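The next block holds one structure in the form of structure tokens; read it before the comments.
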Amino acid sequence: MYDSYTELILPFGSSVQLLEEYTNAHGGIRTGKLMEHLDSLAGSIAYKHMLGPTVETLGRIHERGFYIVTASVDRLDILTNLDPSRDLRLSGQVIYTGRSSMEVAVKMESIGGHQPEVTVLLGRFSMVCRDANTHKARQVNTLSISTPEEHALYSLGEGIKRRRLSVAERSLDRVPPTSAEAKELHSFYLTHGQHEEHPTKQDAGRVWMGDTSIEKCMLMFPQERNVHQKVFGGYLMRLAYELGFTNGSMFVRGPMHFLSLDSISFAQPVPIGSILRLTSTILHSTTPSPEHPLTVHVGVTANVVDVKTGAEHTTNEFRFTWCKDTTEEDAQAIARKVVPRTYKGMSCFLARASLYHVSTEAMLWLEGKRALELGDQIRGIRHHATI
């Protein structure tokens, strides 16, 4: 298992020039650029698992007979603030293998500066192997496990894969919401979604979900290609992150800090030379309190546009969570909340408050709620583990 271990050091603490390339407008580190590195690192780890630790170059894909792509990113969770005055180590290894898939665990740590090492981020990538000629699934090397630590990592990877399948089976694309979710959605609509022409006091701060959408269109250049001559997935992650952050900042009307990348799906590759349309929407927001600041769940969809027909097809779905940095003015401000507008007239409640059909916006609102609840649960578990 350890043979696939790979690490990358970004010497922010000792290289002012490098730090300048990664510094954001607030003096911190550009998280989107770090995501590019993490995706590249996960790919390198997967190829290292297939080729062996002594192979230093990939060579031609057709000569190798296979290629590896990112199937999904399950989570990237920030555990603490990034210190731009210290070096950053990005590392990871394969922790589980299926027949044609690999689970790659990654980690970011602040190191150096005569201080203890601090884990900043933990994440998981799912990589799949394809035959270079047929493009069908190709079997990957099995893992050799010898130590108790490796057995624990393997069990973790196995559990991750099971949970991913379970989440997919419970997706609102496949099954209706639970009765509890249906009741909550209905109650939320009755409170905030009915008085469009004559808003009440309870509607203060209401923002219709459709009104939060922003987008950008870009031409995909060959400088951002990967070894498969498609657009590099890490580049798409950075573009999606930065658009999502922009949208979230406008919604909360203030500075935010990143909590998690909740999921990414890679449905299709993005061709070089294509036009990419990125659309970001605020999918869910929490009601802030002294203990829990305003948190937003943001979706970004990537579509490739056919120039000749105008038709579009979705290549990627991104989900992010940010938390607003609280200020003294926030205590007097009216909290904004995102409300699905298309719920009315498109939902039909059956007996026992079960939901038969829900509009797209309402489903996205519920999916965002699920993601925020899962994130809170994960962060709570890790908080208690460090006490």
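For reference, positions follow the sequence shown, starting with 1. All values derive from a computational prediction rather than experimental measurement.
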Practice item. List the steps, then state whether side chain to side chain contact (heavy atoms under 4.5 Å, CB included) holds for Ser14 with Asp87. Key: CA-CA 7 Å; Ser14 56; Asp87 294 350; 4.1 Å; yes

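- Remark: Glu224 engages no residue in a salt bridge (charged side-chain N to carboxylate O under 4.0 Å, His left out) (not counting sequence neighbours).
- Checking Glu317 against Thr301 by side-chain atom types alone, a donor-acceptor pair falls below 3.5 Å.
- Atom CG of Asn81 is surrounded by 12 or fewer heavy atoms from other residues, nucleotides or ligands within 6.0 Å.
- A continuous path of hydrophobic side-chain contacts links Leu278 to Leu261 [ILVMFWY only; heavy atoms under 4.5 Å].
- In this structure a side-chain-to-backbone donor-acceptor pair under 3.5 Å is present from Ser285 to Val338.
- Between Tyr241 and Phe258, the two ring planes are perpendicular [angle over 60°; tilted spans 30° to 60°].
- In terms of modelled atom types and a separation under 3.5 Å, the side chain of Ser274 and the main chain of Val270 share no donor-acceptor contact.
- Applying the salt bridge (charged side-chain N to carboxylate O under 4.0 Å, His left out) criterion to Asp39, with sequence neighbours excluded, gives no partner residue.
- Summarising the geometry of His49 relative to Thr97, their closest heavy-atom pair is NE2-CG2, 3.7 Å, with the distance given to 0.1 Å.
- Between Leu34 and Leu82, the closest side-chain pair of non-hydrogen atoms falls below 4.5 Å.
- Annotation for Val167: hydrophobic cluster partners, listed by chain and number, are none (ILVMFWY side-chain heavy atoms under 4.5 Å, direct or chained).
- A donor-acceptor pair under 3.5 Å is absent between the side-chain atoms of Asp77 and the main chain of Leu121, judged by distance alone.
- At a threshold of 4.5 Å between side-chain heavy atoms, the hydrophobic network of Ile, Leu, Val, Met, Phe, Trp and Tyr places Ile145 and Leu153 in one connected group.
- Thr281 and Ser213 are linked by a side-chain donor-acceptor pair at a separation below 3.5 angstrom, with hydrogens and angles left out of the test.
- Residue Val304 is grouped with residue Phe266 when hydrophobic side chains (ILVMFWY) are merged at heavy-atom distances under 4.5 angstrom, including chains of intermediate members.
- Applying the side chain to side chain donor-acceptor pair (under 3.5 Å) definition to pairs two or more places apart or across chains, those involving residues 102-114 are Arg89-Glu109, Glu103-Arg164.
- In this structure the side chain of Val118 reaches within 4.5 angstrom of the side chain of Arg86, judged on heavy atoms.
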Checking side chain to side chain contact (heavy atoms under 4.5 Å, CB included) for the pair Thr315/Asn303: CA distance, chi angles, key distance, verdict? CA-CA 6 Å; Thr315 59; Asn303 283 2; over 6 Å; no

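- The list of side chain to side chain donor-acceptor pair (under 3.5 Å) pairs with a residue in residues 19-28, not counting sequence neighbours, reads Tyr22-His37.
- Contact detail for Val339 and Arg206: the closest heavy-atom pair is CG2-CG, 3.4 Å.
- Considering every non-hydrogen atom in both Ser101 and Val128, the closest pair reads CB-CG1, 4.1 Å.
- Closest approach of Ile29 and Pro84 over heavy atoms only: CD1-CB, 3.8 Å.
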_Evaluate Ser280 against Val298 for side chain to side chain contact (heavy atoms under 4.5 Å, CB included), listing each step before the verdict._
CA-CA 7 Å; Ser280 173; Val298 184; 3.3 Å; yes

Distance-only donor-acceptor pairs under 3.5 Å for side chains of residues 227-237, two or more places apart:
unit_1	atom_1	unit_2	atom_2	d
His228	NE2	Ile68	O	2.9
Gln229	OE1	Arg225	NE	3.3

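- With contacts defined as side-chain heavy-atom distances shorter than 4.5 Å, the pair Leu38/Phe125 qualifies.
- Contact of the Phe66 side chain with the Cys129 side chain is registered, since non-hydrogen atoms from C-beta on lie closer than 4.5 Å.
- Every residue two or more places apart in sequence or in another chain was checked for a salt bridge (charged side-chain N to carboxylate O under 4.0 Å, His left out) with Glu150, and none qualifies.
- For the pair Glu169 and Arg174, the salt-bridge criterion is not met [side-chain N within less than 4.0 Å of a carboxylate O].
- Both tests hold for Arg336 against Phe251: distance to the six-membered ring centre under 6.0 Å, angle to the ring axis within 45°.
- When hydrophobic residues (I, L, V, M, F, W, Y) are linked wherever their side-chain heavy atoms come within less than 4.5 Å, the members clustered with Tyr5 are Tyr2.
- Remark: side-chain polar atoms of His297 are not paired, donor with acceptor, to backbone N or O of Arg319 under 3.5 angstrom.
- Scanning for side chain to side chain donor-acceptor pair (under 3.5 Å) contacts around Arg130 gives an empty result, with sequence neighbours left out.
- Between the side chain of Ser265 and the main chain of Ser263, no donor-acceptor pair closer than 3.5 Å is present.
- With sequence neighbours excluded, the residues forming a salt bridge (charged side-chain N to carboxylate O under 4.0 Å, His left out) with Asp211 are Arg341, listed by chain and number.
- Summarising the geometry of Ile45 relative to Ser4, their closest heavy-atom pair is CG2-O, 3.6 Å, with the distance given to 0.1 Å.
- With Ser171 contributing its side chain and Asp173 its backbone, the two residues share a donor-acceptor pair below 3.5 Å.
- Taking the side chain as every heavy atom from C-beta outward, Tyr67 and His135 approach each other to under 4.5 Å.
- Put simply, the side chain of Ser166 never gets that close to the backbone of Arg162: no donor and acceptor are under 3.5 Å apart.
- Considering every non-hydrogen atom in both Gly92 and Leu41, the closest pair reads N-CD2, 4.3 Å.
- Side-chain polar atoms of Asp325 and His257 form a donor-acceptor pair below 3.5 angstrom.
- The shortest side-chain heavy-atom distance between His151 and Ser155 does not fall under the 4.5 Å cut-off.
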Item checked: Thr321 and Val296: CA distance, side-chain angles, deciding distance, side chain to side chain contact (heavy atoms under 4.5 Å, CB included) verdict -> CA-CA 6 Å; Thr321 298; Val296 291; over 6 Å; no

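- Of the possible donor and acceptor atoms, none in the side chain of Ser40 sits under 3.5 Å from a partner among the backbone N and O of Glu36.
- Under a hydrophobic-cluster definition in which Ile, Leu, Val, Met, Phe, Trp and Tyr are linked whenever side-chain heavy atoms come within less than 4.5 Å, directly or via other members, Met50 and Ile95 are assigned to the same cluster.
- A salt bridge is defined here as a Lys NZ or Arg NE, NH1 or NH2 lying under 4.0 Å from an Asp or Glu carboxylate O, and Lys308 with Asp306 fails to meet this definition.
- Taking Ile, Leu, Val, Met, Phe, Trp and Tyr as hydrophobic and joining them when side-chain heavy atoms fall under 4.5 Å apart, one finds Val16 isolated, its cluster having no other members.
- Annotation: side chain of Pro340 is not in contact with side chain of Leu364 (no heavy-atom distance under 4.5 Å).
- Cluster membership check: Tyr96 shares its hydrophobic cluster with Ile160, using side-chain heavy-atom separations under 4.5 Å among Ile, Leu, Val, Met, Phe, Trp and Tyr.
- Its side chain within the 4.5 Å cluster rule, Ile9 clusters with Ile111 among the Ile, Leu, Val, Met, Phe, Trp and Tyr residues.
- You'll find the side chain of Leu79 stays beyond 4.5 Å of the side chain of Val120, heavy atoms only.
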